Amino acid sequence: MRLIKLMLAASVAVCAFASCNKQETTPVNNRLKTVEISLENIVMTKALAGDKINSGDAVVVNDIKLFLTDAAGNEYEAYDAAGTVKSQTYFTTIDDVNKAEFHYVDPNCSKVVAVANLGKDITFAEYKAGLADLLIADQQEAKSLVLYDEAALVSTGEEHNDVNADGTTYLSPVYEAELTLTPRVSRFEVDGFSVKFSETPLFEEIKITQLAFFNYYDKTTVVEGTEKDLTPSIDFLNQSEVYSWLDNGQTAWYRDSFEVVITPEDNVKDTPEPLAYHMFSCAETPVMLIKLLADGQPAYLYTKGFFKQDGTEVTEFEEGKIYRMSAAGEELGDGNIPFEDTDIDPMDRCLDITVEVINWTVELVYPEF
């Protein structure tokens, strides 16, 4: 069984940058671009994941790689303020980032590419050759989701003065690029279950023992975010097939086994620990399967859709969004999956789920050239 503490870095802010050294000498206009870069409002950490993600939580990033490039696929280098040492482009600590300086960048450079949480430095040749497809099974840990974005440079209309090692002051135009590093996944969060019992309850006890997901993509590309390999589902109307799958004992990221007992007296119960499942974002709707015992008799429910609080169906699951379970009409979802005891019927096992959609914190990246 895989139980995940709910903590997630959704995006990363690389923010906007200290000006270059200003000189009173007459500068030479050489059209080179220059940048000093600092990271603000993020957390770069190797620490364990924490609790549930809240809107506005600090970003958790392990490492970041930056490329200076153009539309034709050429890479450009940058140097320190003296023009003698190549700039660092791979960062694993805030200290490294705060010391980074990008100067003397070729004027043909037109965009910035940023990749976070690959766990290693990569060359531009490796990037151009195509990064390996992401597997959804490898994107379940909140603290290590791969993040990506790219953006074109835009002139700010400002100019910086850079002092070369020979003492010459160069006048460099300033450009900026705005990036939002985002994971390729949507996140589903479950805290527990709530049952609305009939006025005369149909069951004295409902025991929920398993939760699983179907109908998701197994792979996606890092750069384009193109999903691949939609996993096969099962015939949810075929009880024999469903119970055979539920009872096969398989352990995987997309299913969890536990025990939650709910009675009419306490109709809401949390899971032993909060659960979270990441899916590559797409227009395909995942199917959630719940195994339970109703007064000792085996039963199951499966979802036929997910809906927002206003009643509209969620038909596209977006990158960097949390889909937290809640009952229809709730302004602040508690993360519980709601259903009624009348839903437990072998002739109609479908279940509509209303989800609270929460945006992860989005911080922006501003290289200034």
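Predicted model only: the values in this text are computed from it and were never measured.
Proximity of Thr315 to Thr285: side-chain heavy atoms (C-beta onward) are nowhere separated by under 4.5 Å. Contact annotation: the side chain of Thr89 never approaches that of Phe67 to less than 4.5 Å [non-hydrogen atoms, C-beta and beyond]. Using a 4.5 Å cut-off on side-chain heavy atoms (C-beta onward), Asp247 and Lys291 make contact. Two residues are said to be in side-chain contact when any heavy atoms from C-beta on lie closer than 4.5 Å; Tyr148 and Leu134 fail this criterion. Between Leu237 and Tyr302, the closest side-chain pair of non-hydrogen atoms falls below 4.5 Å. Lys65 places none of its side-chain heavy atoms less than 4.5 Å from the side chain of Leu118. Side-chain contact check for Ser326 versus Gln309: some heavy-atom pair is nearer than 4.5 Å. At a threshold of 4.5 Å between non-hydrogen side-chain atoms, the residues Asp270 and Asn336 count as touching.
At distances below 3.5 Å, not a single donor-acceptor pair connects side-chain atoms of Arg187 with backbone N or O atoms of Arg324. Asp218 places no side-chain N or O within donor-acceptor distance of the main-chain N or O of Thr231, the cut-off being under 3.5 Å. Within the 3.5 Å criterion, the main-chain N or O of Tyr79 finds a donor-acceptor partner in the side chain of Ser87. Looking at Asn238, its side chain does come within 3.5 Å of a backbone N or O of Ser240 through a donor-acceptor pair. Remark: the backbone N or O of Met288 is paired with a side-chain donor or acceptor of Thr303 at under 3.5 angstrom. Without hydrogens or angle criteria, Asp191 side chain to Pro274 main chain gives no donor-acceptor distance under 3.5 Å. Judged by distance alone, the side chain of Glu126 and the main-chain N or O of Leu131 form no donor-acceptor pair under 3.5 Å. Remark: the backbone N or O of Val146 is not paired with any side-chain donor or acceptor of Arg184 at under 3.5 angstrom. Under the 3.5 Å distance criterion, the side-chain polar atoms of Asp63 are left unmatched by any main-chain donor or acceptor of Thr92. Under the 3.5 Å distance criterion, the side-chain polar atoms of Asp256 are left unmatched by any main-chain donor or acceptor of Leu211.
Between the OG1 atom in Thr182 and the NZ atom in Lys321 there is a gap of 12.0 Å [rounded to 0.5 Å]. In this structure, the separation between CG on Leu301 and CD1 on Ile344 is 6.0 Å, given to the nearest 0.5 Å. Atom CG of residue Leu68 and atom CG of residue Asp106 lie 10.5 Å apart, to the nearest 0.5 angstrom. Summarising the geometry, atom CD1 belonging to Ile322 is positioned 8.5 Å from atom NE2 belonging to His278; distances are rounded to the nearest 0.5 Å. The line from OG1 of Thr220 to CD of Glu227 is 4.5 Å long, rounded to the nearest 0.5 Å. Distance check: Glu273 CD to Phe258 CZ gives 12.5 Å after rounding to the nearest 0.5 Å.
The ring pair (Phe, Tyr, Trp, His ring centres under 6.0 Å) pairs that include a residue from residues 279-299 number zero, where partners must be two or more places apart or lie in different chains. Among residue pairs with one or both ends in residues 195-206, those qualifying as side chain to side chain donor-acceptor pair (under 3.5 Å) are Ser198-Asp341; sequence neighbours excluded.
With hydrogens and angles left out, the side-chain atoms of Glu265 and Thr263 include a donor and acceptor closer than 3.5 Å.
With hydrophobic clusters built from ILVMFWY side chains whose heavy atoms lie under 4.5 angstrom apart, Ile206 does not share a cluster with Leu293. Hydrophobic cluster membership differs between Val261 and Ile290, with clusters built from Ile, Leu, Val, Met, Phe, Trp and Tyr side chains linked at under 4.5 angstrom. A single hydrophobic cluster is seen to contain both Leu145 and Val223, as judged by linkage of ILVMFWY side chains at heavy-atom distances under 4.5 Å, directly or through other members.
Considering all non-hydrogen atoms of both residues, Thr226 and Thr221 come closest at N-OG1, 2.9 Å. Nearest heavy-atom pair across Ser144 and Asn62 is CA-ND2, 3.8 Å. Pairing each heavy atom of Gly305 with each of Glu313, the nearest pair is CA-OE2, 4.1 Å. Smallest separation of non-hydrogen atoms from Val105 and Ala78: CG2-CB, 3.7 Å. In terms of heavy atoms, Phe306 sits closest to Pro286 at CE1-O, 3.2 Å. Ser186 approaches Glu319 most closely through the heavy-atom pair OG-N, 4.3 Å.
Take Phe213 and apply the ring pair (Phe, Tyr, Trp, His ring centres under 6.0 Å) test, not counting sequence neighbours, and it matches Phe188, Tyr277. For Asp70, the side chain to side chain contact (heavy atoms under 4.5 Å, CB included) test picks out Ala72, Asn74, Tyr76, Ser110, with sequence neighbours left out. Partners of Ile234 by side chain to side chain contact (heavy atoms under 4.5 Å, CB included), not counting sequence neighbours, listed by chain and number: Phe214, Phe236, Glu241, Val242, Trp245. Not counting sequence neighbours, the partners of Lys269 by the side chain to side chain donor-acceptor pair (under 3.5 Å) test are Asp266.
Taking the six-membered ring for Trp and the full ring otherwise, the centers of Phe317 and Tyr323 sit less than 6.0 Å from each other.
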Item to check | Check against side chain to side chain contact (heavy atoms under 4.5 Å, CB included), Tyr254 and Ile136 | outcome: CA-CA 10 Å; Tyr254 49 80; Ile136 195 59; over 6 Å; no

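The aromatic rings of Tyr300 and Tyr243 stand perpendicular to each other, their planes meeting at an angle above 60°, with 30° marking the opposite boundary.
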